Amino acid sequence: MGDYTGDVTPGGPAQVRTLDHLVIRKVAVSEMSNNAYLLTCRETGEQLLVDAADDAARLTALVREGTGSLEHLVTTHQHWDHVRALPEMVDAFHPRTHAGADDADALPVRPDVRLVHGDVVTVGQCRLDVVHLRGHTPGSVALAYADPGGHTHLLTGDSLFPGGIGNTKNPGQSFESLIADVSDRVFDVYDDETWVYPGHGGDTTLGAERPHLAEWRERGW
(Lines give C-alpha, C1' and ligand atoms only; values in the text may rest on other atoms or scores of the structure.)
Protein backbone atom coordinates (compact mmCIF):
# COMPACT_ATOMS: atom_id res chain seq x y z
CA MET A 1 0.00 0.00 0.00
CA GLY A 2 2.90 2.37 0.63
CA ASP A 3 1.79 5.94 1.32
CA TYR A 4 -1.69 5.53 -0.19
CA THR A 5 -4.48 6.88 2.03
CA GLY A 6 -7.27 7.57 -0.47
CA ASP A 7 -7.60 11.16 0.74
CA VAL A 8 -7.73 13.61 -2.18
CA THR A 9 -8.96 17.16 -2.72
CA PRO A 10 -9.98 18.99 -5.92
CA GLY A 11 -6.89 20.56 -7.44
CA GLY A 12 -4.60 18.40 -5.34
CA PRO A 13 -2.22 15.62 -6.38
CA ALA A 14 -3.25 12.08 -7.18
CA GLN A 15 -3.05 9.34 -4.61
CA VAL A 16 -1.21 6.40 -6.17
CA ARG A 17 -1.51 2.75 -5.17
CA THR A 18 0.86 0.29 -6.86
CA LEU A 19 -0.14 -3.37 -6.91
CA ASP A 20 1.75 -6.27 -8.48
CA HIS A 21 -0.08 -5.98 -11.81
CA LEU A 22 -2.13 -2.78 -11.59
CA VAL A 23 -1.61 0.86 -10.59
CA ILE A 24 -4.60 2.77 -9.20
CA ARG A 25 -4.49 6.57 -9.29
CA LYS A 26 -7.20 8.61 -7.55
CA VAL A 27 -7.98 12.31 -7.96
CA ALA A 28 -10.87 14.60 -6.98
CA VAL A 29 -12.37 17.16 -9.35
CA SER A 30 -15.01 19.91 -9.24
CA GLU A 31 -16.94 21.66 -6.49
CA MET A 32 -18.75 18.33 -5.96
CA SER A 33 -15.42 16.68 -5.10
CA ASN A 34 -16.00 13.80 -7.49
CA ASN A 35 -13.47 11.02 -7.46
CA ALA A 36 -11.98 9.79 -10.74
CA TYR A 37 -9.72 6.76 -10.98
CA LEU A 38 -7.08 5.81 -13.52
CA LEU A 39 -6.17 2.13 -13.68
CA THR A 40 -2.93 1.18 -15.43
CA CYS A 41 -1.90 -2.36 -16.34
CA ARG A 42 1.76 -2.65 -15.39
CA GLU A 43 2.46 -5.34 -18.00
CA THR A 44 1.01 -3.58 -21.06
CA GLY A 45 0.61 0.09 -20.10
CA GLU A 46 -3.05 -0.04 -21.12
CA GLN A 47 -5.23 2.37 -19.12
CA LEU A 48 -8.85 2.73 -18.02
CA LEU A 49 -10.49 5.84 -16.55
CA VAL A 50 -13.40 5.45 -14.15
CA ASP A 51 -15.78 8.44 -14.29
CA ALA A 52 -14.88 11.45 -16.45
CA ALA A 53 -16.63 13.58 -13.86
CA ASP A 54 -15.32 17.08 -14.64
CA ASP A 55 -12.17 19.10 -15.38
CA ALA A 56 -10.95 17.48 -18.58
CA ALA A 57 -7.60 19.25 -18.23
CA ARG A 58 -6.96 17.59 -14.86
CA LEU A 59 -8.11 14.22 -16.12
CA THR A 60 -5.88 14.56 -19.19
CA ALA A 61 -2.95 15.31 -16.90
CA LEU A 62 -3.87 12.22 -14.87
CA VAL A 63 -3.77 10.06 -18.00
CA ARG A 64 -0.33 11.47 -18.73
CA GLU A 65 0.81 10.73 -15.18
CA GLY A 66 0.30 7.12 -16.23
CA THR A 67 1.36 5.98 -19.71
CA GLY A 68 -0.35 8.74 -21.67
CA SER A 69 -2.85 6.57 -23.53
CA LEU A 70 -6.47 5.86 -22.62
CA GLU A 71 -7.93 2.66 -24.02
CA HIS A 72 -11.07 2.39 -21.87
CA LEU A 73 -13.46 4.70 -20.03
CA VAL A 74 -16.10 3.37 -17.62
CA THR A 75 -18.97 5.53 -16.35
CA THR A 76 -20.33 4.17 -13.06
CA HIS A 77 -23.72 5.87 -13.44
CA GLN A 78 -25.66 8.51 -15.33
CA HIS A 79 -25.75 11.42 -12.86
CA TRP A 80 -24.61 14.72 -14.34
CA ASP A 81 -21.77 15.30 -11.89
CA HIS A 82 -20.04 12.10 -13.04
CA VAL A 83 -20.14 12.77 -16.79
CA ARG A 84 -19.32 16.46 -17.34
CA ALA A 85 -15.92 15.73 -18.93
CA LEU A 86 -17.07 12.61 -20.78
CA PRO A 87 -17.44 14.20 -24.26
CA GLU A 88 -14.07 15.97 -24.01
CA MET A 89 -12.20 12.87 -22.85
CA VAL A 90 -13.78 10.75 -25.59
CA ASP A 91 -12.85 13.35 -28.21
CA ALA A 92 -9.30 13.62 -26.93
CA PHE A 93 -8.43 9.94 -26.50
CA HIS A 94 -11.08 7.90 -28.35
CA PRO A 95 -11.30 5.21 -25.65
CA ARG A 96 -13.71 2.29 -25.75
CA THR A 97 -16.56 3.49 -23.54
CA HIS A 98 -18.52 1.37 -21.08
CA ALA A 99 -21.55 2.00 -18.86
CA GLY A 100 -24.40 0.11 -17.27
CA ALA A 101 -27.00 -0.89 -19.85
CA ASP A 102 -29.87 0.72 -17.95
CA ASP A 103 -28.08 4.10 -17.72
CA ALA A 104 -26.56 4.10 -21.21
CA ASP A 105 -29.19 6.14 -23.04
CA ALA A 106 -29.04 8.95 -20.46
CA LEU A 107 -25.32 9.65 -21.03
CA PRO A 108 -23.99 12.52 -23.15
CA VAL A 109 -21.94 9.96 -25.09
CA ARG A 110 -23.62 6.61 -25.74
CA PRO A 111 -21.28 3.84 -24.61
CA ASP A 112 -19.68 1.35 -26.96
CA VAL A 113 -20.34 -1.39 -24.38
CA ARG A 114 -23.54 -1.69 -22.34
CA LEU A 115 -22.56 -3.51 -19.18
CA VAL A 116 -24.66 -6.05 -17.30
CA HIS A 117 -24.06 -7.91 -14.05
CA GLY A 118 -21.33 -10.51 -14.44
CA ASP A 119 -19.58 -8.89 -17.38
CA VAL A 120 -15.80 -8.50 -17.40
CA VAL A 121 -13.87 -5.40 -18.47
CA THR A 122 -10.19 -5.96 -19.21
CA VAL A 123 -7.41 -3.40 -18.98
CA GLY A 124 -4.30 -5.03 -20.40
CA GLN A 125 -3.76 -8.24 -18.42
CA CYS A 126 -6.11 -7.23 -15.58
CA ARG A 127 -9.75 -8.34 -15.29
CA LEU A 128 -12.45 -6.21 -13.69
CA ASP A 129 -15.73 -7.89 -12.76
CA VAL A 130 -18.87 -5.82 -13.31
CA VAL A 131 -21.31 -5.64 -10.38
CA HIS A 132 -24.72 -4.14 -11.24
CA LEU A 133 -26.11 -2.26 -8.21
CA ARG A 134 -29.68 -1.05 -8.75
CA GLY A 135 -31.21 1.76 -6.71
CA HIS A 136 -29.11 4.92 -6.86
CA THR A 137 -29.69 4.78 -10.62
CA PRO A 138 -31.13 1.89 -12.63
CA GLY A 139 -27.81 1.07 -14.29
CA SER A 140 -25.19 1.86 -11.65
CA VAL A 141 -22.17 -0.45 -11.83
CA ALA A 142 -19.21 -1.21 -9.61
CA LEU A 143 -15.91 -2.72 -10.77
CA ALA A 144 -14.08 -5.39 -8.77
CA TYR A 145 -10.41 -6.21 -9.29
CA ALA A 146 -9.29 -9.37 -7.50
CA ASP A 147 -5.58 -8.76 -6.95
CA PRO A 148 -3.80 -12.13 -7.34
CA GLY A 149 -1.26 -11.03 -4.75
CA GLY A 150 -3.67 -9.44 -2.28
CA HIS A 151 -7.29 -8.49 -1.71
CA THR A 152 -10.12 -7.26 -3.91
CA HIS A 153 -10.33 -3.60 -4.95
CA LEU A 154 -13.92 -2.41 -5.50
CA LEU A 155 -14.80 0.84 -7.27
CA THR A 156 -18.39 1.53 -6.23
CA GLY A 157 -19.41 4.84 -7.83
CA ASP A 158 -22.18 6.36 -5.70
CA SER A 159 -23.66 3.04 -4.54
CA LEU A 160 -21.50 2.48 -1.43
CA PHE A 161 -19.62 4.93 0.79
CA PRO A 162 -18.05 4.96 4.24
CA GLY A 163 -21.08 4.99 6.52
CA GLY A 164 -23.79 3.88 4.14
CA ILE A 165 -25.16 3.25 0.69
CA GLY A 166 -25.75 5.95 -1.91
CA ASN A 167 -28.60 8.45 -1.94
CA THR A 168 -32.05 6.99 -2.65
CA LYS A 169 -34.27 9.94 -1.69
CA ASN A 170 -35.09 11.20 -5.19
CA PRO A 171 -37.81 10.04 -7.60
CA GLY A 172 -36.87 6.85 -9.40
CA GLN A 173 -34.42 5.76 -6.70
CA SER A 174 -35.00 2.82 -4.37
CA PHE A 175 -33.48 2.18 -0.96
CA GLU A 176 -34.89 -1.35 -0.89
CA SER A 177 -33.30 -2.21 -4.22
CA LEU A 178 -29.91 -0.72 -3.41
CA ILE A 179 -29.58 -2.21 0.08
CA ALA A 180 -30.55 -5.60 -1.35
CA ASP A 181 -27.99 -5.45 -4.17
CA VAL A 182 -25.21 -4.10 -1.95
CA SER A 183 -25.92 -6.88 0.54
CA ASP A 184 -26.29 -9.72 -1.97
CA ARG A 185 -23.79 -8.68 -4.62
CA VAL A 186 -21.11 -7.00 -2.50
CA PHE A 187 -21.11 -7.98 1.18
CA ASP A 188 -22.18 -11.60 0.52
CA VAL A 189 -19.56 -12.03 -2.21
CA TYR A 190 -16.44 -10.15 -1.08
CA ASP A 191 -14.50 -10.48 2.17
CA ASP A 192 -13.66 -7.92 4.83
CA GLU A 193 -10.29 -7.08 3.31
CA THR A 194 -11.97 -5.69 0.19
CA TRP A 195 -11.00 -2.05 -0.32
CA VAL A 196 -13.79 0.30 -1.40
CA TYR A 197 -13.14 3.30 -3.68
CA PRO A 198 -16.31 5.46 -3.80
CA GLY A 199 -17.47 8.21 -6.15
CA HIS A 200 -16.91 10.97 -3.57
CA GLY A 201 -14.78 11.27 -0.44
CA GLY A 202 -12.50 8.87 1.34
CA ASP A 203 -12.10 5.12 0.98
CA THR A 204 -13.18 2.34 3.30
CA THR A 205 -13.18 -1.46 3.57
CA LEU A 206 -16.04 -3.92 3.66
CA GLY A 207 -14.81 -5.01 7.08
CA ALA A 208 -15.28 -1.50 8.43
CA GLU A 209 -18.81 -1.24 7.03
CA ARG A 210 -20.20 -4.77 7.45
CA PRO A 211 -21.13 -4.39 11.16
CA HIS A 212 -23.43 -1.48 10.24
CA LEU A 213 -25.59 -3.16 7.58
CA ALA A 214 -28.47 -3.83 9.99
CA GLU A 215 -28.29 -0.22 11.19
CA TRP A 216 -28.55 1.04 7.59
CA ARG A 217 -31.59 -1.15 6.97
CA GLU A 218 -33.24 0.09 10.16
CA ARG A 219 -32.72 3.78 9.42
CA GLY A 220 -33.72 3.43 5.76
CA TRP A 221 -30.80 5.27 4.18
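Keep in mind it's a predicted model, so treat the numbers as computed, not measured.
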Charged N to carboxylate O below 4.0 Å: is that the case for Asp3 and Arg17? no
Indicate yes or no: does Asp181 engage Arg134 in a salt bridge with an N to O separation below 4.0 Å.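 Arg134 and Asp181: salt-bridged.
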Taking atom types as modelled, find out whether [X] and [Y] have a side-chain donor-acceptor pair closer than 3.5 angstrom.
X: Tyr4; Y: Arg25; value: no
X: Glu71; Y: Ser69; value: yes
X: His212; Y: Glu209; value: no
X: Arg84; Y: Ser30; value: yes
X: Ser183; Y: Arg217; value: yes
X: Gln47; Y: Thr40; value: yes
X: Ser159; Y: Thr156; value: no
X: Gln125; Y: His21; value: no
X: Asp51; Y: His77; value: no

Once rounded to the nearest 0.5 Å, what's the spacing between atom CZ of Arg110 and atom OG1 of Thr97? 11.0 Å
Could you measure the distance from the CZ atom of Arg185 to the CG atom of Leu178? Nearest 0.5 Å is fine.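 Atom-to-atom, Arg185:CZ and Leu178:CG are 11.0 Å apart.
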If you define the side chain from C-beta out and look only at heavy atoms, does anything of [X] sit under 4.5 Å from [Y]?
X: Asp119; Y: His132; value: no
X: Val131; Y: Val141; value: no
X: Leu115; Y: Val113; value: yes
X: Thr205; Y: Thr194; value: no

Counterpart residues, ring-ring contact (aromatic ring centres under 6.0 Å, His included), relative to His151 (two or more places apart):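 Here the qualifying residues are His153.
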Is the number of heavy atoms from other residues, nucleotides or ligands within 6.0 Å of CD (Glu218) greater than 12?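 Not more than 12 within 6.0 Å, no.
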Taking atom CH2 as the centre, does Trp221 end up with more than 12 heavy-atom neighbours from other residues, nucleotides or ligands that are less than 6.0 angstrom away?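 No.
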Any ring pair (Phe, Tyr, Trp, His ring centres under 6.0 Å) involving residues 154-180? Give me the pairs, sequence neighbours left out, ordered by first then second residue.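 Listed by first then second residue: nothing to list.
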Parallel, tilted or perpendicular: ring planes of His98 versus His72, cut at 30 and 60 degrees: tilted
Identified side chain to side chain contact (heavy atoms under 4.5 Å, CB included) counterpart of Tyr145 within the set Thr152, Leu39, Leu19, Ile24: Leu19
Positive for side chain to side chain donor-acceptor pair (under 3.5 Å) with Thr137, one of Asp102, Asp103, Thr76: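 By the side chain to side chain donor-acceptor pair (under 3.5 Å) criterion, Thr137 pairs with just one of Asp102, Asp103, Thr76: Asp103.
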